[in-house]
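Just so it is clear: chains get the letters A, B, ... in the order the sequence lines come, proteins before strands, and each one is counted from 1. We use all heavy atoms of the structure for the numbers below, so side chains are in, but hydrogens, waters and symmetry mates are not.
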Amino acid sequence: METAPTLHANYLTDGFGLKSWLLTKDHKRIAILYLISVSAFFVLGAVFAGLIRLELLTPAGDLVESDVYNKAFTMHGVVMVFFFLIPAIPAVLGNFLVPLQIGARDLAFPRINLLSWYVYVFGGIFTLVALVMGGVDTGWTFYTPYSSAFSNSNVALVVVGIFINGFSSILTGLNFVVTIHKMRAPGMTWFRLPLFIWAHYATALIMILGTPVVAITLVMVGAERVLGLGIFDPKLGGDPVLFQHLFWFYSHPAVYIMILPAMGVMSELVAAFSRKAIFGYQVVAYSSLGIAAVGFLVWGHHMFVSSQSVYAAMAFSLLSYLVAIPSAIKVFNWTATLYKGSISFEAPMIYVFGFIGLFLIGGLTGLFLAALAVDVHVTDTYFVVAHFHYIMVGGTIMMYLGGVHYWWPKIFGRTYPEGLAKVAAVVIFVGFNLTFFPQFIVGYLGMPRRYHAYPPEFQLWNILSSAGAALLAIGYALPSTYLLWSLVKGKPAAPNPWGAKGLEWETPSPPPTHNFTATPVVNEPPYHYAK
Amino acid sequence: MATHAATGGNGEPQGATHFVSPRLYVTIFLILMVLTAVTVGAAFLDLGPFNTVVALLIACSKMTLVVLYFMHVRYSSRLTWAVIGSGFFWLALLLGLTLSDYLTRGTGWLRYG
Amino acid sequence: MAAAHDIHHPYLQHHFNDLEQQFEASALGMWVFLVTEILFFGGLFTAYMVYRMQYAQAFAEASGHLDIVLGGVNTGVLIGSSLTMAMAVWAAQQGRRRAQVTYLLATIGLGAAFLGIKVVEYSHKFEDGLIPGANFRFDGLDPIHAQLFYSLYFVMTGLHALHMIVGIGIMAVLTWMAWRGRFTSGYHTPVEVSGLYWHFVDIVWIFLFPLLYLIDRHGPGTMH
């Protein structure tokens, strides 16, 4: 075991200079390229969130005009959903870890992996250009006919940007599926795979099956806008609700693209920090596939008040209840894993506990929304906004940070400052709840979403929420700072600082370019901790 | 470094190693041309609602021939079949669940305007 | 088991263990990509299905203005190109360099013929005022939904044509590589995998043709 690991040759020292990074085929370097770009987009999305929360400090729409506010929440949604949440865990942690965890030297298609990053950046540039030219005000959901016929904002540009970005997702998913099928090391049978891999496999299936549908839908919106081909415009004989069907066919499973990888990270962290195999491993593995599959059957729950048939609505409502089951199964299994485990509370584990509580609230409030009668009252209110932020921020972003911390020593060969990391995790947890719990209340009381002004009786809750957002911003700033600091000043990391199980921990920190000097042979079950 | 065929995969023979004879290709081609003529001809007959059914059945048959023989799926692994099957199954989900809205509008005792 | 010579095969990429794994991965990758294409075109078929159900008569009428001869000929051309593509793969499996090139060129030729005929068709539609937009004119019972039909017609066939153009580009590259003797009986993955793409584009047309051109050719309206 090395005492000064950064002196050994690793993928970071294998070539210097811009060209060696921009033309790399190494999945680990590509993961870092993604890390930089998704972080940049996260900051941009957060700036828009800041603008929203500043405006909502006062009931009157006095900070910005309503159309500027519309652009703010649209860009917040577009940037956060398409350019942060969907790629974050898969393209950063997934790209880095999938080959390592299965014992491969790289993904199946390294050049396509690099292409996926360029496609992501290219799509991002289109969106940034649209932003500079004045943005889009349709909401990230681009409902027609407003988006296709009436809005006078840069819909076509953004739609092209998202379309291009969708191919990044498709290429990543394709790579993961082929890699997991064809490149596993000898002895790495399906049921010896880490649950992180199962989660990313299920995510990849959704990317492959869902993204093309939103892609063609956006093409049709663009065609309607630019060429006047009326497909969704009622004046030209089209049906706006058809747009919603096609849009949500992808965009509901998209939320499972956002949460499944986080659940994969959860399984890894829970096992590592209770030093115990995940309870019910096979069930958890199957539940990932179950979420991916059933997740495609529920999209109509976004359309309960859109004039779709009430019979279809009932079917979608029932199916939405069913899709909660595999998620609940995972929560039960993680909890059962903790029981009689040897638990330690390093920073990643604090994110784990944060996730369990916040995902629980987010998931349960989803069931409120799946009930037709309740949804009619709270749809398009802040109740919905709070629900999905609990999952996406309380769930996904918590696990993104937890995973980044957990694998940071492996990725960069440096140790982050543990004390500060624990503080940051707690600040984020408190700030998050202060931001979003009041939104459940104010939404239930009737405050609509996407409005820049509101009745004065809601102001207290909005002030609490904005205060929480400020705290949350501080919370996010902390890891941004100390993680960067650790790259220069952090203690060199050991190959397996957590004493965890998994092939990635059997390489040096950071790993060499080709991951393994000899192809590993697997003959143990996963999470094979000593009793 | 000792390498071995550690594909972790199914290890079944690739479709390419199975030679399909040119004669079979030409036969399939001729069948496809005949089916094309049939589908054009059927369009000129008044079969009521079955015009669409017939057209789709013929199209599906042509597709099946192309997939099985030109694309070698007849000789491919179960994984390939599963991938193809899932693609069509998901398309069926998209079509079917969307239809579940359009087909049930304004029916029954709960009428929408 | 991997053959020892695989390790030094010029086309074996280093992250793969042997050519067989590389071929299987490439083929699986192409099949997964084709699944995304099924869903991509699938969105358009969904829109088509919904609107044809609701406006059956308008669609039937509008479809009648499409040229069934040109459409039928194009169908034959494309099926022929699938034959020549399959033969190109066969020739590669046999290691026959000249046959590969011949069949690939034939495939390109037939593909180009398809596109040429589509250009003729589109220009006829332009002359007849059937391009959706400000200049659309349709003498029928339901011009609004006829225009909807034509919007779908142009988007669906246009997207298909785009895929054809990409396919021809791929075939051109393959032809050059085949001419240079790159493909042998031991390695011809790009030909096989590109063939899958070409056949898929043919299959899309196999559905587009009856759904767009053959809705109702048996005379005025028994459509419901």
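Considering only heavy-atom pairs separated by less than 4.5 Å from chain C, the leading option among A:Asp106, A:Leu227, A:Ile231, A:Thr217 is A:Ile231. Heavy-atom pairs under 4.5 Å with chain A peak, among C:Leu44, C:Ile131, C:Asp142, C:Val155, at C:Leu44. Options C:Leu39, C:Leu152, C:Ile144 differ in how many heavy-atom pairs under 4.5 Å they form with chain A, and the most are formed by C:Leu39. In terms of non-hydrogen atom pairs under 4.5 Å with chain C, the most contact-rich of A:Gly228, A:Ala104, A:Ala223, A:Pro110 is A:Pro110.
Between C:Phe154 atom CZ and A:Leu229 atom CG the span is 9.0 Å, to the nearest 0.5 Å. The distance from atom OG1 of C:Thr36 to atom CG of A:Leu209, rounded to the nearest 0.5 Å, is 9.0 Å. Of the inter-residue distances, the one linking C:His15 atom NE2 with A:Phe109 atom CZ reads 7.5 Å to the nearest 0.5 angstrom. The CE atom of A:Met220 sits 11.0 Å away from the OG atom of C:Ser151 when rounded to the nearest 0.5 Å. C:Gln22 contributes atom CD, which lies 13.0 Å from atom NZ of A:Lys182 (distance to the nearest 0.5 angstrom). Atom NZ of residue A:Lys25 and atom NE2 of residue C:His14 lie 8.0 Å apart, to the nearest 0.5 angstrom.
Neither the backbone nor the side chain of A:Met207 comes within less than 4.5 Å of any heavy atom in chain C. Only the side chain of C:Leu159 comes within less than 4.5 Å of a heavy atom in chain A; its backbone stays farther off. Of the atoms belonging to C:Phe33, heavy atoms from both backbone and side chain fall under 4.5 Å from chain A. Heavy-atom distances place the side chain of C:Val50, and not its backbone, under 4.5 Å from chain A. Looking at A:Ala215, both its backbone and its side chain come within 4.5 Å of chain C, counting heavy atoms on both sides. At a 4.5 Å heavy-atom cutoff, A:Ile112 makes no contact with chain C through either its backbone or its side chain. Contacts of A:Asp239 with chain C are made by both backbone and side-chain atoms, with heavy-atom separations under 4.5 Å.
Side-chain contact between A:Leu242 and C:Tyr51 is present, with at least one heavy-atom pair separated by less than 4.5 Å. A:Leu236 places none of its side-chain heavy atoms less than 4.5 Å from the side chain of C:Leu148.
Residue A:Phe122 qualifies as open at atom CZ: its count of foreign heavy atoms under 6.0 Å is 12 or below. At most 12 non-hydrogen atoms from other residues, nucleotides or ligands lie less than 6.0 angstrom from CZ of C:Phe126. When the shell of 6.0 Å around CD1 of C:Ile165 is examined, it contains more than 12 heavy atoms from other residues, nucleotides or ligands.
Shown here for C:Phe16 and A:Arg105, the closest heavy-atom pair between the two residues is O-NH2, 3.2 Å.
Identified by a heavy-atom distance below 4.5 Å to chain C, the contributing residues of residues 163-177 of chain A are A:Phe163, A:Ile170, A:Leu174, A:Val177, in residue-number order.
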